[in-house]
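All remarks here apply to the structure that follows.
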2 protein chains.
Amino acid sequence: MDDTPDHNTEPPVAAPPRRSRRKSGGTTLRDVAKLAGVAPITASRALNTPNAVSDAILERVRAAVEQTGYVPNMLAGGLASRKSRLVAAVIPTISGNVFLEMVQALTASLAASGYQLMLGQSGYEDSREDELLEAIIGRRPDGVVLTGIMRSPQGRQRLLTSGIPVVETWDLTPDPIDMLIGFSHEKVGEEVARYLHARGKRRVATLSANDQRAMRRMKAFSEAAIELGMARPGETEVPGWVVPAPTNVGLGRSGLRELLARHPDIDALFCSSDMVALGVLTEAQAQGIAVPDQLAVVGLGDLSFARDLQPALTTVRIDGATIGSTAARFIVDRSQEREVRDGIIDIGFSIIERDSA
Amino acid sequence: MDDTPDHNTEPPVAAPPRRSRRKSGGTTLRDVAKLAGVAPITASRALNTPNAVSDAILERVRAAVEQTGYVPNMLAGGLASRKSRLVAAVIPTISGNVFLEMVQALTASLAASGYQLMLGQSGYEDSREDELLEAIIGRRPDGVVLTGIMRSPQGRQRLLTSGIPVVETWDLTPDPIDMLIGFSHEKVGEEVARYLHARGKRRVATLSANDQRAMRRMKAFSEAAIELGMARPGETEVPGWVVPAPTNVGLGRSGLRELLARHPDIDALFCSSDMVALGVLTEAQAQGIAVPDQLAVVGLGDLSFARDLQPALTTVRIDGATIGSTAARFIVDRSQEREVRDGIIDIGFSIIERDSA
DNA sequence: ATGAAAGCGCTAACAG
DNA sequence: CTGTTAGCGCTTTCAT
């Protein structure tokens, strides 16, 4: 509170040698407005809602922008409007290749609506996911796309209270945080088991990464296989080999060797990713094992190379592109206060029958 | 220009029923400060420069943060401090797999320093790159990582005047915008030609994506091959086949077929990516062509699967992880006003000799 | 070591 | 359709 003497009859003085922050030097909306001879807000409108402005002014503002090379500061805009036009995505890792299609579609769809993607990699560990979350929420993104279900209660809570639209993907849950685009990993396992059973395979096995979702697929696969009678007497589960995520071709090759050493009689193998499956195919070829007759191979992901392998890889297709573009649409709609109907969807999967099984 | 009557002797009234913007409802630094019984700036210091604050206050602020679940708004912080802690990366496409390692390393290294990555895909077209740029600069990132050299003069200019640290990667140029981490595509072509020549191959060919850098590698390869005497009389260049980027396995398979139809006698093939090379290997196997004896195959990228193929793929290794982590370091250093020495480096490449050539 | 004031560059709210 | 004003939530600058 200033102790201005009460006999001061003038409006508060503007004088006290005021400090001033260094101006960035960059062109601001103010500069543009001044040049165009309008108020800053009018220039703002000319850029953001051109219809709300007369043609003459629109023209002048555009010219001023052109002349100055003005680029709006979205940090400032975002702070004022509470719309950052940023969307964060959390994926376990980009190098597994399984999520590429989704990220690709997400980036593209968002860009088409003027949004940018912030990428975070959690590395299959729930702990890092939690850390990432704080960094993400701090940027006040207009949406968050999660790969998988957010398990950690703190994470859920944080996201919930942040009010940011959330899309969980790549899995199903009865109580999503917000929106959801996924499929049932259990069903995948069951269907693949049925698929192999129908093709006469009776001695099936699994080769899986040790991540949550892959393990659930394999468990369901094993249970369905047992149920279908594809088990030796006394066996309660199907032979399996687990490798660390993210998977790669080498793990597929060594995995097959390990499996064969323990169970030389297996006639079909469900792999947790196409990369592992490629490894299995490669090792089988190297060992002179006939695919699919001697050993049927099923992958997951339908990566771009799957159809072009020799033999062409039978695999479970997850439509990552649809997951990505739908997630983008959900978030853009939400962030523009449009209602999102059917924000919880099971996009399913399909077994693409090719030559390896 | 208010027309306040000049007989007004009172200080401007504070009264007029003032509108107020809806508060976000979220916890702000102010709330935390109030709870801790300190000024906002002190709370700010407790969080950002803990050393500048007494232990007692530090404790109280931390408790208040804990209690309220406060998450700093980095948009606001970035606006005030001119540090967004965001770094933008522009890559042609994520789906080609060649840049994955770099993106992976970039994300990880940045995250370790508290920075986040914004991903933009330009799609191998310079035009989209220009568009992206505006969106990027608008967010005032603390750095921009470009894949390849920025060709467009407007783009260069924009970046230059923006004052944002820029790292161009994956290529060399005498006049980079700012920092540079790359290698010579011409040298790659030459070295591969020499490599094949030394292994007795005399009828070499190329299978390349139509992107700028790949084409330059192939051109240099062809010229070196000619120079080395690996040409039929009158030939001015080596046989080649061009496919659209991004490459995939299918293009490799069909590419080999096309090449063989036109030049049945080729004995070595330099592919512009490991994905294409995998396609070539697959097609060769399908056709019963012996690799490397009948046909040597060299890829580029040393993707994770290269070593595990059968035959293991001889390829040109580009250390994407180093590109990514170095770029991250450069940008973090710069953004913290630390000097970056040797900001222009040629990281080279190496030919990884395996079984396919 | 702590605080008051003044913005960063923009847009929401209200008024004409 | 255009303008005024008051912030968005934080940090800088200056002062103590």
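In what follows, chains are A, B, ... by sequence order, proteins preceding strands, each numbered from 1. Atom set for the values below is all heavy atoms of this structure, side chains included, hydrogens, waters and symmetry mates excluded.
A pairwise comparison of heavy atoms in A/A43 and A/A33 identifies CB-CB, 4.0 Å as the closest pair. Shown here for A/A88 and A/L117, the closest heavy-atom pair between the two residues is C-CD1, 4.4 Å. Annotation for B/Q116 and A/M118: closest pair NE2-CE, 3.6 Å, computed over non-hydrogen atoms.
When rounded to the nearest whole Å, the span between CG of A/D31 and P of C/dG9 equals 9 Å. For A/R82 and C/dT11, the CZ to P distance is 14 Å, given to the nearest whole Å. If you measure from atom CD1 of A/I41 to atom P of C/dG16, you get 17 Å, rounded to the nearest angstrom. As rounded to whole Å, 11 Å separates atom P of D/dC10 from atom CG of B/L75. Put simply, CG on B/L79 is 12 Å from P on D/dT12, counting in whole angstrom units. For the pair A/L47 CG and C/dC10 C1', the interatomic distance rounds to 11 Å; values are reported in whole Å. Summarising the geometry, the separation between CZ on A/R139 and P on D/dC10 is reported as 14 Å, rounded to the nearest angstrom. We find that CG of A/N73 is positioned 14 Å from C1' of D/dG9, with the value rounded to whole Å.
Of the candidates D/dT12, D/dG3, C/dT2, the closest approach to any side-chain atom of B/T42 belongs to C/dT2. When each of C/dT2, C/dA13, C/dT11 is scored by its nearest atom to the side-chain atoms of B/R45, the top-ranked nucleotide is C/dT2. Which of C/dA12, D/dC10, C/dG9 sits closest to the side chain of B/A76 comes down to D/dC10. Among the nucleotides C/dG3, D/dT11, C/dT2, the one closest to any side-chain atom of B/A39 is C/dG3. The side chain of B/Y70 has D/dC10 as its nearest neighbour among D/dT13, D/dC10, D/dG7.
Between A/P72 and B/A43, the residue anchored closer to the 5' end of DNA chain C is B/A43, taking for each the nucleotide with the nearest heavy atom.
Salt bridge present: B/R334 and B/D178 bring a charged side-chain N and a carboxylate O closer than 4.0 Å. Under the 4.0 Å criterion applied to side-chain N and carboxylate O atoms, B/R151 and B/E129 are not assigned as salt-bridge partners.
A side-chain contact (heavy atoms from CB on, under 4.5 Å) with B/L146 is found for exactly one of B/T169, B/V167, B/L159, namely B/L159.
Taking 4.0 angstrom as the limit, B/S44 places none of its side-chain polar atoms (N or O) nearer than this to OP1 or OP2 of D/dC10.
Applying a 4.0 Å cut-off to non-hydrogen atoms, none of the residues of residues 54-67 of chain A approaches DNA chain C.
In this model, no side-chain donor or acceptor of B/R140 finds a partner on the base of C/dG9 within 3.5 Å.
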Set out, in order, the CA-CA distance, both residues' side-chain angles and the distance that settles side chain to side chain donor-acceptor pair (under 3.5 Å) for B/T28 and B/Y70, then state yes or no. CA-CA 7 Å; B/T28 71; B/Y70 170 68; over 6 Å; no
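Using a 4.0 Å heavy-atom distance criterion, A/A52 is classed as a base contact.
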